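The structure appears right after this line, and notes come after that.
This one's a predicted model, so the numbers in the text were calculated from it and none came from an experiment. Quick note: numbers below take in every heavy atom, side chains included, and nothing from hydrogens, waters or symmetry partners.
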Amino acid sequence: MKLLPHHHDSILSSLPLSRLFVAVRLSPSATNFRCRSQPPAMVSSTASTSCLGEPDGSMKSKEEKLWGGRFEESVTDAVERFTESISFDKQLYKHDIMGSKAHATMLAHQGLITASDRDHILSGLDEIETRIDVGKFVWRMDREDVHMNIEAALTDLIGEPAKKLHTARSRNDQVVTDLRLWCREAIDRITAQIGLLQVALVKLAMKNKGLIVPGYTHLQRAQPVLLQHLLLAYVEQLERDIGRLNNCKDRMNFCPLGACALAGTGLPIDRFMTSNALGFTAPLRNSIDAVSDRDFVLEFLSANSIIAMHLSRLGEEWVLWASEEFGFLTPSDSVSTGSSIMPQKKNPDPMELVRGKSSRVIGSLVTLLVLCKGLPQAYNRDLQEDKEPLFDSVKTILGMLEVSAEFAQNVTFNDAKIEKALPAGYLDATTLADYLVKKGVPFRTSHDIVGRSVALCISKNCQLSALSLDDLRGMDPVFEDDVYEYLGVKNSVNKFSSYGSTGSDCVAEQIQFWISKLQIS
């Protein structure tokens with residue numbers, strides 16, 4: 001065996017271990033050294049890999065893969081770095097352990113492993129979960145993903161029984177089972193956060209009873225509406241978001257476990273047992289579909305994207321209303337930021353970021369659609385790329401919902417400025433047309449009469465309510481004194497009476513509905 005020249009000893013002894021490893025590997029005279037990983041004990045997240053010289057002429061820097069029986073060479077470091085997923089899929093560990101426990105229990109029930117093996121596996125998985133929870137588990141990149149990390153660690157911990165756990169199971173059905181369990185819980189977290197935002201919006205509406213604001217179409221003033229009515233529009237949208245998520249959850253709640261790689265298995269497993277143990281509705285019927293389907297992720301990200309769009313619209317409206325040009329809304333200092341150069345600035349940054357972060361959520365959906373569009377059946381490694389967009393979408397939407405609720409709890413509406421702004425735009429014009437319809441005038445004729453009345457107001461620089469009765473009768477003799485009960489924004493709002501409209505009584509009914517549904521005290 002040819003060793004490094006003696007004169008290198010002093011240099012190498014002064015190098016850190018990581019640099020010593022590089023020096024040994026790069027030296028042309030060091031090819032007889034063998035690199036050996038430390039035993040993968042789950043002791044500390046700071047544990048590192050050591051390189052020890054071995055006099056057998058081999059070099060092995062990585063642990064042999066659990067799938068490596070037919071391979072004679074290890075993958076290169078570049079391939080290992082490129083293909084690993086442990087850096088992000090480790091957050092599936094609870095769901096992976098949950099699935100493994102159900103699988104081990106089923107295997108024992110079916111006589112495929114012994115009760116003793118099952119008990120060792122279950123206690124070992126408990127121990128691993130505890131170590132992960134407290135940060136004493138070492139995640140290893142050379143073990144690729146969360147499944148292999150946990151299985152290899154279980155083998156280190158309990159020995160031979162751990163090698164039986166993967167009976168009648170593939171990482172293909174294992175990962176998608178984990179993913180469905182994770183999504184199911186994520187949906188529950190999101191729907192709960194949506195509920196908190198709904199409560200915040202309803203309470204904000206209750207604080208502003210009777211406040212009339214301009215309603216807009218095409219960003220042009222249209223009709224007067226109660227602020228409560230406008231806020232409840234967002235509550236309705238959020239309720240549909242909850243419905244979409246729950247429908248998505250119903251469709252995703254089917255169990256892939258036992259589908260194995262794609263064809264199922266010839267072993268006598270009971271897929272209904274594992275499905276029931278994990279709280280699924282039933283096993284998926286088709287094993288190919290079970291491992292290749294990501295519709296549930298696409299549907300989930302689609303629902304998240306619609307939520308993000310709703311929140312972005314809310315953010316856009318409130319950012320506009322907080323501007324000097326509108327001045328309808330003032331956020332408290334606790335939900336505002338300032339400028340590094342302009343000392344007078346007070347910016348509604350949280351809602352601007354809500355508007356901006358919607359692009360991330362929508363982008364995650366587009367990523368998944370493009371990822372899946374060209375894949376043949378069944379499992380393809382491309383599907384490893386489904387997790388980071390999914391995780392990011394959920395994290396982002398939860399943050400958007402939380403800060404939107406926080407913002408809603410810390411804003412005030414500027415009644416005086418809103419009231420001063422109300423006369424502009426002839427918001428009572430449609431109500432005046434309704435008055436004529438009640439007098440028997442066809443709506444299209446009424447529309448024309450009111451249009452000419454508005455033109456007269458523009459020429460006189462006055463409101464409709466300031467026109468004299470003679471002015472109005474000059475447009476059409478049908479006008480009488482009672483017309484003034486329809487003019488002005490307050491009279492106009494009070495005339496809306498159809499179900500779901502902005503009339504005071506209608507909005508009061510809506511408020512009461514949401515107080516009851518959301519159990520607001």
Find out whether L179 and D386 are in side-chain contact, i.e. whether some heavy atom of one side chain is under 4.5 Å from a heavy atom of the other. yes
Of I306, D188, I187, which meets side chain to side chain contact (heavy atoms under 4.5 Å, CB included) against L245? I187
NZ (K346) with more than 12 external heavy atoms under 6.0 Å: yes
Evaluation steps, side chain to side chain contact (heavy atoms under 4.5 Å, CB included), between L226 and I212: CA-CA 4 Å; L226 289 172; I212 301 171; 3.9 Å; yes
What I want to find out is whether E480 reaches K439 closely enough, with some N-O distance under 4.0 Å, to be called a salt bridge. yes
Any donor and acceptor pair, going by atom type alone, linking the side chain of N347 with main-chain N or O of D349 inside 3.5 Å? no
A153 and R143: which non-hydrogen atoms are nearest, and at how many Å? N-NH1, 3.9 Å
Considering all heavy atoms, the nearest S85-Q384 contact: CB-CD, 3.6 Å
Over all heavy atoms of both residues, which pair between Y484 and L469 is shortest? Give the atoms and the distance, please. OH-N, 3.0 Å
Kindly say whether Q512 contributes a backbone atom to a donor-acceptor pair with the side chain of S516 at under 3.5 angstrom? no
Going by atom types only, do S87 and E84 share a side-chain donor-acceptor pair under 3.5 Å? yes
Does the T445 side chain pair with the main chain of V441, one donor and one acceptor, at a distance under 3.5 Å? no
Any side-chain heavy-atom pair from F137 and E129 closer than 4.5 angstrom? no
Are any of the side-chain nitrogens in D126 or K101 under 4.0 Å away from the carboxylate oxygens of its partner? yes
First locate atom CZ of F280, then atom OG1 of T177, and finally report the distance between them rounded to the nearest 0.5 Å. 6.0 Å
E144 vs R171, test: salt bridge (Lys or Arg N to Asp or Glu O under 4.0 Å). Steps then yes/no. CA-CA 12 Å; E144 300 179 33; R171 278 189 291 175; 3.2 Å; yes
Give the intermediate values and the outcome of side-chain hydrogen bond (donor to acceptor under 3.5 Å, both in side chains) for residues Y93 and D133. CA-CA 10 Å; Y93 77 90; D133 287 342; 2.4 Å; yes
Examine the side chains of E239 and Q198 and answer whether a donor and an acceptor come within less than 3.5 Å of each other. yes
Taking everything shown except E419 itself, do over 12 heavy atoms lie less than 6.0 Å from its CD? no
So for atom NZ, which belongs to K490, do other residues, nucleotides or ligands contribute more than 12 heavy atoms lying within a distance under 6.0 Å? no
Determine, for R444 against D448, whether the closest basic-nitrogen to carboxylate-oxygen distance falls under 4.0 angstrom. no
Flag the pair D145 and K90 as a salt bridge only when some basic side-chain nitrogen lies within less than 4.0 angstrom of an acidic carboxylate oxygen. no
Please walk me through it: do F479 and L432 pass side chain to side chain contact (heavy atoms under 4.5 Å, CB included)? CA-CA 10 Å; F479 284 110; L432 182 58; 3.7 Å; yes
Might you work through the side chain to side chain contact (heavy atoms under 4.5 Å, CB included) test for F391 and W182, ending with a clear yes or no? CA-CA 10 Å; F391 297 159; W182 188 91; 3.5 Å; yes
Say you draw a straight line from OG of S312 to CE of M400; how long is it, rounded to the nearest 0.5 Å? 6.5 Å
Shortest non-hydrogen contact from S453 toward M475: OG-CG, 3.5 Å
Could you check whether any side-chain heavy atom of S358 comes within less than 4.5 Å of a side-chain heavy atom of I307, counting everything from C-beta outward? no
Backbone N/O of M252 and side chain of R180: donor-acceptor pair under 3.5 Å: yes
Indicate yes or no: at least one non-hydrogen side-chain atom of D482 is less than 4.5 angstrom from one of Y435. yes
What residue among D428, T431, T502 forms side-chain hydrogen bond (donor to acceptor under 3.5 Å, both in side chains) with S492? T431
Side-chain touch L197/V235, heavy atoms, less than 4.5 angstrom: no
L238 and L201: side chain to side chain contact (heavy atoms under 4.5 Å, CB included), yes or no, with the steps? CA-CA 11 Å; L238 292 167; L201 290 170; 3.9 Å; yes
In terms of heavy-atom contacts, does CG of D250 have more than 12 from other residues, nucleotides or ligands at under 6.0 Å? yes
Backbone N/O of R285 and side chain of D289: donor-acceptor pair under 3.5 Å: no
Flag, side chain of S468 to backbone of D471, donor-acceptor distance under 3.5 Å: yes
Do N380 side-chain atoms and P376 backbone N/O form a donor-acceptor pair below 3.5 Å? yes
Taking atom CD as the centre, does Q91 end up with more than 12 heavy-atom neighbours from other residues, nucleotides or ligands that are less than 6.0 angstrom away? yes
Rounded distance (nearest 0.5 Å) linking atom CD of E406 with atom CE of M351: 11.5 Å
Are the side chain of Q228 and the backbone N or O of A205 linked by a donor-acceptor pair below 3.5 Å? yes
S364 side chain vs R360 backbone, donor-acceptor pair below 3.5 Å: yes
Just verifying a value: how many Å separate E236 CD and F513 CZ, rounded to the nearest 0.5 Å? 7.0 Å
Quick check: are there more than 12 heavy atoms from other residues, nucleotides or ligands sitting under 6.0 Å from CZ of R313? no
To the nearest 0.5 angstrom, please state how far the SG atom of C183 sits from the CG atom of N253. 11.5 Å
Can you confirm whether V394 sits close enough to F300 that some side-chain heavy atom of one is under 4.5 Å from a side-chain heavy atom of the other? yes
Are K387 and D89 ion-paired here, with the side-chain N under 4.0 Å from a carboxylate O? no
Cation-pi check for F328 against K417: NZ or CZ below 6.0 Å from the six-membered ring centre and within 45 degrees of the axis, yes or no? no
Flag for Q174-D96: side-chain donor and acceptor within less than 3.5 Å: yes
Any side-chain heavy atom of D241 sitting closer than 4.5 Å to one from N304? no
Interatomic distance, L314 atom CG to M309 atom CE [nearest 0.5 angstrom]: 12.0 Å
Can you name the nearest heavy-atom pair linking P283 to F254, along with the distance? O-CD2, 4.4 Å
With distance as the sole criterion, is a donor-acceptor pair present between the side chains of Y234 and E317 under 3.5 Å? yes
Side-chain touch Y426/C457, heavy atoms, less than 4.5 angstrom: yes
Hey, is the main chain of D173 close enough, under 3.5 Å, to the side chain of Y379 for a donor-acceptor pair? no
Looking at K495 and E485, what are the two nearest heavy atoms and their distance? CE-O, 3.3 Å
